[in-house]
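Data block below; observations after.
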Amino acid sequence: MVAQIIDGKAFAAKVRGQVAQHVSALKAQHNQTPGLAVVLVGEDPASEVYVAAKHKATVETGMTSFEHKLPADVSEADLFALIDQLNADPDVHGILCQFPVPEHLSERRVVARIDPAKDVDGLSVVNAGLLASGEAGLVPCTPLGCLMLLRDQVGDLTGKDAVVVGRSNLFGKPMAQLLLRDNCTVTVAHSRSNDLPGICKRADILVAAVGRAQMVQGDWIKPGATVIDVGITRVPHPEKPGKSRLIGDVDFGPASEVAGAITPVPGGVGPMTIACLLANTLTAACRAHGLAEPQGLTA
Ligand SMILES: Nc1nc(=O)c2c([nH]1)NC[C@@H]1CN(c3ccc(C(=O)N[C@@H](CCC(=O)O)C(=O)O)cc3)C=[N+]21
């Protein structure tokens with residue numbers, strides 16, 4: 001079997017188009033423009049690239065982008081003062097602090113400082129709790145993007161055996177909650193699970209977020225399964241010196257001979273993350289103004 005390649009880039013463009021339509025209606029009918037503030041601490045080159053991509057996508061969908069760059073040695077007090085100011089700003093509906101932050105800061109404390117209603121990363125304890133309780137909060141962008149791809153690819157997920165490899169607060173746990181909400185039978189496996197290949201092999205839906213390049217082998221995959229690869233490891237380019245390329249957590253070549261459908265890296269989950277950040281910002285703006293939430297752009 002040769003797997004269908006799931007085009008995350010094209011799907012993300014479609015989602016961004018839907019967001020843009022809602023944004024223009026919001027402006028025309030309610031004179032409101034959703035705003036996203038991105039905070040970058042320090043000068044990590046990879047983070048600079050991501051933040052620039054987020055800024056571009058935000059502006060392209062008609063939303064306002066606020067960028068705040070702080071020096072790597074900024075104190076927690078000064079960072080919190082900025083977050084407090086953004087929390088209080090009615091033009092800012094979403095706040096994201098790019099990770100990783102420098103060693104002397106705590107990601108957990110930074111996220112806790114952001115108003116949960118503006119936490120468009122969906123990483124706060126409040127939003128994690130709302131998701132676990134089946135209530136409306138803001139859902140982390142990468143799991144939300146994977147859910148959208150899965151619903152589009154598979155249709156109704158009810159009764160499917162889903163295996164999530166990885167148990168992070170950022171991805172694995174919220175992904176498992178979303179799959180459970182869509183009536184999958186969910187297994188959360190991780191690097192210390194016994195018989196990881198055997199667990200994966202049971203999955204109709206396999207979501208790999210182990211954080212180890214090409215760890216999931218072709219013979220770990222049930223024939224016909226839908227495979228979502230969340231890994232992004234940057235490695236030196238094999239042919240072009242000085243350049244890098246991205247590889248996923250799945251050994252793509254062999255896996256694509258067994259799976260029914262599979263996301264590539266790059267061009268799979270990554271672009272969906274940014275599209276869902278925009279969707280979350282729109283959702284937060286609609287809620288802030290007491291308006292109906294956009295259909296199809298939330299979990
Ligand atoms: N507070 C916070 N929220 C985040 O959501 C967050 C973060 N910090 N820190 C870093 C990670 C990483 N991340 C990605 C977003 C888009 C792509 C993406 O679009 N990737 C493209 C390729 C991009 C390339 O070629 O470099 C793809 O996979 O096709 C990847 C990774 C968001 N992150």
Side-chain angles (χ1 to χ4, degrees), residues 5-16 36-58 60-61 65-70 79 82-83 86 94-102 105-114 116 118-124 127-128 138-146 148-149 166 168-172 174-175 208-209 211 213 228-237 240 243-250 252 262-281 284:
I5 311 295
I6 299 171
D7 189 344
K9 203 170 164 184
F11 198 87
K14 205 170 96 180
V15 171
R16 291 200 308 272
L36 172 66
V38 174
V39 179
L40 175 60
V41 182
E43 284 165 8
D44 177 60
S47 293
E48 303 249 11
V49 172
Y50 288 133
V51 168
K54 287 169 186 174
H55 171 78
K56 181 164 169 273
T58 305
E60 277 173 5
T61 48
S65 170
F66 305 91
E67 271 188 296
H68 294 271
K69 297 196 175 179
L70 299 175
L79 174 59
L82 172 62
I83 293 174
L86 297 170
I95 304 170
L96 173 149
C97 179
Q98 184 72 17
F99 292 152
V101 291
L105 298 168
S106 146
E107 291 181 353
R108 197 178 54 79
R109 284 173 57 82
V110 170
V111 168
R113 193 75 180 194
I114 296 171
K118 297 190 179 189
D119 166 34
V120 282
D121 265 331
L123 298 179
S124 63
N127 279 314
L138 289 164
V139 175
C141 304
T142 306
L144 179 57
C146 292
M148 288 183 186
L149 290 176
S168 65
N169 290 333
L170 180 75
F171 183 81
M175 186 76 247
I228 305 290
D229 189 349
V230 185
I232 37 164
T233 304
R234 196 170 285 281
V235 296
H237 200 284
K240 300 176 194 155
K243 300 252 179 195
S244 64
R245 63 179 268 236
L246 292 180
I247 46 178
D249 287 350
V250 179
F252 184 84
I262 186 168
T263 59
V265 178
V269 171
M272 289 300 291
T273 300
I274 295 187
C276 289
L277 174 65
L278 306 175
N280 277 348
T281 304

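Counting starts at 1 for both ligands and their atoms, in listed order. All values derive from a computational prediction rather than experimental measurement.
At a threshold of 4.5 Å between non-hydrogen side-chain atoms, the residues Thr142 and Leu170 do not count as touching. Contact annotation: the side chain of Ile114 never approaches that of Ser124 to less than 4.5 Å [non-hydrogen atoms, C-beta and beyond]. Taking the side chain as every heavy atom from C-beta outward, Leu40 and Glu67 never approach each other to under 4.5 Å. The shortest side-chain heavy-atom distance between Phe171 and Pro140 does not fall under the 4.5 Å cut-off.
Looking from atom 21 (C) of ligand 1 to the surrounding protein, the closest heavy atom is Pro271 CD, 4.2 Å. In terms of protein heavy-atom proximity, atom 14 (C) of ligand 1 is closest to Tyr50 CE2, 3.7 Å.
Contact annotation: for Cys141 versus ligand 1, there are no heavy atoms closer than 4.0 Å. Of the heavy atoms in Thr142, none comes closer than 4.0 Å to ligand 1. The proximity of Lys9 to ligand 1, defined as any non-hydrogen pair under 4.0 Å, does not occur for either the backbone or the side chain. Of the heavy atoms in Leu277, none comes closer than 4.0 Å to ligand 1.
The shortest N or O to N or O distance between Gly268 and ligand 1 is not below 3.5 Å. Polar contact check, Gln98 against ligand 1: a nitrogen or oxygen pair lies under 3.5 Å apart.
For the pair Pro116 and Leu138, the tightest heavy-atom approach, listed with the atom from each and the gap, is O-CD1, 3.6 Å. Residues Arg16 and Leu278 share a closest heavy-atom pair of CD-CD1, 3.8 Å.
Contact analysis puts Asp121 in contact with ligand 1, with a non-hydrogen atom separation below 4.0 angstrom.
In the vicinity of Leu246, heavy-atom distances shorter than 4.0 Å reach the ligand 1 atoms 22 (C), 24 (C), 25 (O), 26 (O). Those atoms of ligand 1 with a heavy atom of Lys54 less than 4.0 angstrom away are 3 (N), 4 (C), 5 (O), 6 (C). Atoms of ligand 1 found under 4.0 Å from any heavy atom of Gly267 (numbered from 1 in listed order, with element): 27 (C), 28 (O), 29 (O). Applying the 4.0 Å criterion to heavy atoms of Arg234 picks out, from ligand 1, the atoms 24 (C), 26 (O). Residue-ligand proximity, Phe99 to ligand 1, at heavy-atom distances under 4.0 Å covers atoms 1 (N), 2 (C), 7 (C), 8 (N), 9 (N), 10 (C). Interface of Ile232 with ligand 1, defined as ligand atoms under 4.0 Å from a residue heavy atom, comprises 30 (C), 31 (C).
Qualifying side-chain hydrogen bond (donor to acceptor under 3.5 Å, both in side chains) partners for Thr61, counting only residues two or more places apart in sequence or in other chains: none.
Looking only at distances, no side-chain donor or acceptor of Thr263 sits under 3.5 Å from a matching main-chain atom of Ile6. At least one donor-acceptor pair under 3.5 Å links the side chain of Asn280 to the backbone N or O of Val139.
Nearest residue to atom 19 (O) of ligand 1 from Cys276, Gly270, Gly122 is Gly270 (criterion: closest heavy atom).
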Before giving the answer on side chain to side chain contact (heavy atoms under 4.5 Å, CB included), spell out for Val39 and Leu86 the whole-Å C-alpha distance, their side-chain angles and the decisive distance to 0.1 Å.
CA-CA 10 Å; Val39 179; Leu86 297 170; 3.9 Å; yes
